[in-house]
Protein chains: 2
Amino acid sequence: MARPPRKAASRRRKGDVAADEAVYGAIRRAMHMGRLSPGAKLQEPVLARVLKVSRERVRKALHRLVHEGWLTAVPNRGTFVPALSVEEMRNIYDVRSMLEEGIVRRLSREASSIVAQRLRAHITEERAATRSGDRGRLFALSGEFHILLAELCGNDELSKLLRGLLTRSTMHFSLAAPERLHNCAGPHEHGDIVAAILDGKGERASKLMLSHLRGLVALQSARPPAKAVSLEEAFRGISAAR
Amino acid sequence: MARPPRKAASRRRKGDVAADEAVYGAIRRAMHMGRLSPGAKLQEPVLARVLKVSRERVRKALHRLVHEGWLTAVPNRGTFVPALSVEEMRNIYDVRSMLEEGIVRRLSREASSIVAQRLRAHITEERAATRSGDRGRLFALSGEFHILLAELCGNDELSKLLRGLLTRSTMHFSLAAPERLHNCAGPHEHGDIVAAILDGKGERASKLMLSHLRGLVALQSARPPAKAVSLEEAFRGISAAR
DNA sequence: GCGTCAAGTAATGTGCACATTATGTCCGAC
DNA sequence: GTCGGACATAATGTGCACATTACTTGACGC
């Protein structure tokens with residue numbers, strides 16, 4: 001016979017796959033909002049108490065974040081927010097350059113009407129966000145532009161890879177300059193790239209994208225001195241309830 | 001006071017970070033040797049018994065492998081060897097093309113004498129392995145060639161990314177055609193690419209690499225019907241002891 | 001006064017027991 | 001004979017208790 005239940009069916013949900021995602025998202029949000037300074041230590045008991053979940057769930061989320069490159073783990077020491085050197089950052093943008101150069105080249109070669117429509121719609125949204133001064137929206141749109149380009153290639157591997165690189169890039173913007181309006185130099189640069197793509201000018205689009213990315217690297221030079229705050233403060237208003 | 005030890009210092013090693021790596025490597029080796037067919041289910045209790053480790057350690061290794069793309073996890077179902085579709089494979093090679101095209105272009109532009117030396121040494125090794133008929137060595141060298149190119153660029157992010165893509169590519173060679181001599185069409189193709197790089201012919205090197213990668217995709221067309229074996233047989237001779 | 005070392009404390013790491021879920025099997029009804 | 005459902009079994013998922021390690025505080029010796 002089957003083992004008799006002891007605690008008589010606790011009210012916990014069945015799948016609970018959403019709980020992992022919630023914890024993961026909460027930590028990710030805190031980083032994206034610039035609440036965690038580079039070098040900060042993410043203690044499991046504290047996070048478990050703040051997010052109202054078990055320590056094992058926090059551990060799992062931290063492991064995932066470490067594996068994705070968001071955090072750095074030191075054995076028997078803990079998990080930390082990485083303080084990326086300028087060289088690491090430059091490397092990320094180098095890889096992005098290679099991929100995104102290929103992306104705009106391909107899109108310039110074979111841009112369908114659907115692609116053109118989605119690109120133009122995105123630029124329109126960016127301009128609207130700029131006019132209305134919606135900082136958060138523009139920040140998100142600026143990043144999504146690069147994701148959109150990758151997705152329009154129809155290659156899932158490509159999208160996934162670039163998404164990882166981009167999140168790590170934009171994280172540094174959040175950490176370095178949360179007060180900045182947007183992570184990309186301006187919507188008009190995106191507009192120029194789109195125009196070149198839709199004109200079939202692959203070379204020009206490629207060059208514009210490369211200089212655009214170079215501009216982003218330059219923006220990262222000045223980094224504020226990163227004030228340290230407690231985890232309780234960092235996660236104020238952020239929960240795993242979602 | 002501190003909690004008194006109960007079992008009086010078991011003989012387990014201190015760090016035990018090597019144990020995780022050993023389990024991870026054992027599973028990875030089994031896949032690389034073509035012992036696990038696509039669709040095979042990796043059961044935690046079986047692996048724990050075969051590899052002589054705890055189930056939690058197996059779980060951790062499986063989670064890592066899933067996150068790296070080697071395995072696929074279905075909630076409450078288990079972990080499986082993915083049966084990659086031809087489209088997924090084509091996507092991987094597409095991304096590889098973008099990255100490796102940029103790599104050879106860069107190396108052609110700024111190839112130092114050290115780079116030249118290492119490239120020539122690698123080609124020499126490949127030729128020696130071909131002459132002596134050492135299948136395993138040649139197989140490994142063929143893959144490492146692409147890794148070497150990435151590493152010579154001096155970009156850690158690039159190396160790491162390409163390594164992930166390449167292992168997934170070569171895994172399919174192992175799964176699809178373990179009896180094949182090498183995963184690349186031949187060492188002479190690698191030699192031609194190196195020659196073009198060292199001559200500073202970026203365009204030619206780029207075109208050679210692209211056709212080389214296209215050739216690899218073509219090799220994958222014929223896939224044998226994947227006979228199913230038990231995990232005990234698959235891991236015969238493979239242990240976590242290393 | 002300063003460096004060194006030892007004990008306490010709180011973190012991380014891990015094995016275990018239990019709950020939950022899916023799968024396979026058998027029996028019965030139609 | 002086949003379809004449907006309930007039960008048994010074995011897997012996965014998770015919280016908990018404990019071991020181990022690192023850091024901190026304090027005292028002692030030089």
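Convention: sequence-line order gives letters A, B, ...; per-chain numbering from 1. Below, each value reflects all heavy atoms present in this structure, side chains not excepted, and no hydrogens, waters or symmetry copies.
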With side chains defined as the heavy atoms from C-beta onward, is the minimum distance between A/Arg35 and A/Arg236 less than 4.5 Å?
yes
Base, sugar-phosphate alone, or nothing: which one does B/Glu44 contact when heavy atoms must sit under 4.0 Å apart?
sugar-phosphate
Just call it for B/Gln43: base, sugar-phosphate, or nothing, with non-hydrogen atoms closer than 4.0 Å on any strand.
sugar-phosphate
Pairing of A/Glu68 and A/Arg64 as salt bridge, 4.0 angstrom limit:
yes
Rounding to an integer number of Å, can you tell me how far A/Asp20 CG sits from D/dT12 P?
17 Å
Please check the phosphate of D/dG15 (OP1 and OP2 only) for any side-chain N or O of A/Ser54 closer than 4.0 Å.
yes
Using nucleotides 22-25 of chain D, report all nitrogen or oxygen pairs with the protein that are shorter than 3.5 Å.
from   : atom 1 : to      : atom 2 : distance (Å)
D/dC23 : OP1    : A/Arg77 : NE     : 2.7
D/dC23 : OP1    : A/Arg77 : NH1    : 3.3
D/dC23 : OP1    : A/Arg77 : NH2    : 3.4

How is A/Leu62 classified with respect to the nucleic acid when contacts are heavy atoms under 4.0 Å: base, sugar-phosphate, or nothing?
nothing
When rounded to whole Å, the CZ to C1' distance for the pair B/Arg55 and D/dG15 reads 13 Å
Distance, rounded to the nearest Å, where A/Leu42 contributes CG and C/dA11 contributes P
13 Å
Just checking B/His190 against B/His146, ring centres under 6.0 Å apart?
yes
Verify the contact: side-chain N or O of A/Arg59 to OP1 or OP2 of C/dT12, cut-off strictly under 4.0 Å; return yes or no.
no
Applying side chain to side chain contact (heavy atoms under 4.5 Å, CB included), name anything that partners B/Asn155, two or more places apart in sequence or on another chain.
A/Asn91, A/Asp94, A/Val95, B/Glu157, B/Leu158
To the nearest angstrom, how far is A/Arg57 atom CZ from D/dG13 atom C1'?
9 Å
What integer distance in Å separates B/Leu47:CG from D/dA10:C1'?
15 Å
With respect to the phosphate group of C/dG13, does any side-chain polar atom (N or O) of B/Lys60 fall under 4.0 Å of OP1 or OP2?
no
Taking atom P of D/dG13 as reference, at what distance in whole Å does atom CD of B/Glu56 sit?
12 Å
By ring pair (Phe, Tyr, Trp, His ring centres under 6.0 Å) - contacts of A/Phe235 (at least two apart)
none
B/Arg163 bridged to B/Glu144 by N-O distance under 4.0 Å
no
Closest non-hydrogen atoms of A/Val23 and A/Leu51, given as atom of the first, atom of the second and distance, are CG1-CD1, 4.0 Å
